[in-house]
Amino acid sequence: MSNSSSGNVGIVIVSHSSKIAEGAADMVRQMVGNAVPLAWTGGDTDGGLGTNVAGILEAIEAAWSTAGVAILVDLGGAETNSEMAVEMLAEDRRARVVVCNAPVVEGAVIAATESSGGSSLAAVKRSAEEFYA
Amino acid sequence: MSLDREAREKLVRALAESMIGHADELTSLDQAIGDGDHGLNMKRGFEAVLATLPGLADKSLPEMLKAIGMTLVMKVGGASGPLVGTFFMELGKGLPEQPARTDLVAAAEKAIDAVKMRGRSEAGQKTLLDVLVPVHAVFAGGGDARAIEAEAAQAADRTTPMLAIRGRASFLGERSIGHMDPGSRSASLLISAAVAALEFEATS
């Protein structure tokens, strides 16, 4: 579910569906290989459709980079749960994790592409969000 | 208000039984305007809360409320986890161990503000805030258990003609009108369960 120890911004994909999250991660891998730390999570704690804070925290940990982590989410609950997870991080990590306001698949691919060039967290977030604008 | 261990456990059980017992109703409300998982999500969350008994009730009231909130955040699996969980966590953070009514009023106000921030929402957008805010007003104004319960039920009913602005129901636009908001219904049920459990305690 994760990997890579590069200094590039990590990407976390959060979907209500584990299949969508995994599929989006596959598309990211195809674009950037192992150049960015990547993790995905999807589904509620019973394996149904939904998102869960524990899974998101694990994914952030798995994709952790000193450059920070950009989270891509699908629908509302994924965003609310991701924001909750960010707040539960240790204080020194909290400021280095952002939730992007972008479509999950396109946003993840664009964010990862931007990250693979060594861009900052702010630039990664901006690239993902510009696609949507 | 002083709640002994037995009263705290009774409160937890009342909240959980209310969500577990109404899971089907909440799910069918959510099927009308959401993703149909609200009943199941709240049931899962409160079953997880029940699983932390009896140790949960050994904690002081503030610590117990914080623990309930954290369990809901981690287990519910929908947006209602962070929203309802944040309410319990902030309520716990704001209360002294032996709260007076004024402490509860103040802590509940802070907890409601935290829910507004978490959901980036205000009352009037067809969410649980449409129950929390008016019920808090009745509580802060000195309303008794009956008045609080009545306001909770009426406030949930008043969400039926509202247009959803936040959450999955907002995707439906005007079609969200005519259905009660599931999150308002669950908030109303939790308030009624809490009031009934606490009132029983106060009079027994």
Side-chain angles (χ1 to χ4, degrees), chain A residues 12-22 40-62 71-91 93-95 97-105 125 129 132, chain B residues 23 27 30-31 33-49 51 66 69-90 93 114-121 125-128 164-172 176 182-183:
Chain A
V12 166
I13 297 166
V14 182
S15 171
H16 280 62
S17 157
S18 61
K19 290 179 187 171
I20 285 177
E22 184 176 14
W40 57 269
T41 178
D44 62 35
T45 51
D46 289 342
L49 295 174
T51 57
N52 76 88
V53 174
I56 297 167
L57 285 168
E58 277 173 35
I60 293 170
E61 184 62 34
I71 305 178
L72 282 299
V73 300
D74 60 3
L75 301 173
E79 184 183 24
T80 313
N81 275 315
S82 295
E83 288 170 353
M84 189 84 218
V86 172
E87 250 177 60
M88 289 165 67
L89 292 171
E91 203 172 341
R93 289 197 163 191
R94 217 173 294 155
V97 181
V98 295
V99 179
C100 301
N101 179 21
V104 65
V105 176
K125 181 173 193 276
E129 294 184 348
Y132 190 52
Chain B
T27 286
D30 198 30
Q31 277 165 345
I33 56 169
D35 49 5
D37 62 0
H38 188 54
L40 194 63
N41 284 346
M42 295 301 280
K43 178 167 177 273
R44 181 193 304 114
F46 276 95
E47 280 173 349
V49 169
K66 281 195 260 178
M70 183 57 78
T71 301
L72 295 177
V73 164
M74 299 307 281
K75 297 291 183 187
V76 166
S80 44
L83 294 171
V84 180
T86 292
F87 181 82
F88 279 94
M89 284 164 71
E90 294 297 320
K93 276 188 208 166
V115 174
K116 288 179 183 174
M117 281 184 62
R118 170 80 46 220
R120 289 194 290 280
S121 187
Q125 300 184 332
K126 202 175 179 105
T127 72
L128 75 166
I165 309 284
R166 292 289 294 160
R168 196 76 68 93
S170 63
F171 294 2
L172 294 174
S176 66

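Keep in mind that the numbers below use all heavy atoms, side chains included, and drop hydrogens, waters and symmetry copies. Letters A, B, ... mirror the listed sequences (proteins, then strands); counts begin at 1.
Contact annotation for B:M89: only side-chain heavy atoms (C-beta onward) come within less than 4.5 Å of a heavy atom of chain A. Both the backbone and the side chain of B:R118 come within contact range of chain A, each with at least one heavy atom under 4.5 Å from a heavy atom of that chain. Contacts between B:S80 and chain A at a heavy-atom distance below 4.5 Å are absent for every atom of the residue. Only the backbone of A:L49 has a heavy atom closer than 4.5 Å to any heavy atom of chain B.
Checked against A:V14 for a side chain to side chain contact (heavy atoms under 4.5 Å, CB included), the options A:T51, A:I20, A:L72, A:D74 give a single hit: A:T51.
With B:D30 contributing its side chain and B:D37 its backbone, the two residues share a donor-acceptor pair below 3.5 Å. In this structure, A:T80 contributes its side chain and B:A79 its backbone to no donor-acceptor pair below 3.5 Å.
The shortest distance between side-chain heavy atoms of A:M88 and B:M70 falls below 4.5 Å. Using a 4.5 Å heavy-atom cutoff, the side chains of A:E83 and A:V99 are in contact.
Across A:V53, A:N52, A:N81, A:T45, the residue that shares the most heavy-atom pairs under 4.5 angstrom with chain B is A:N81.
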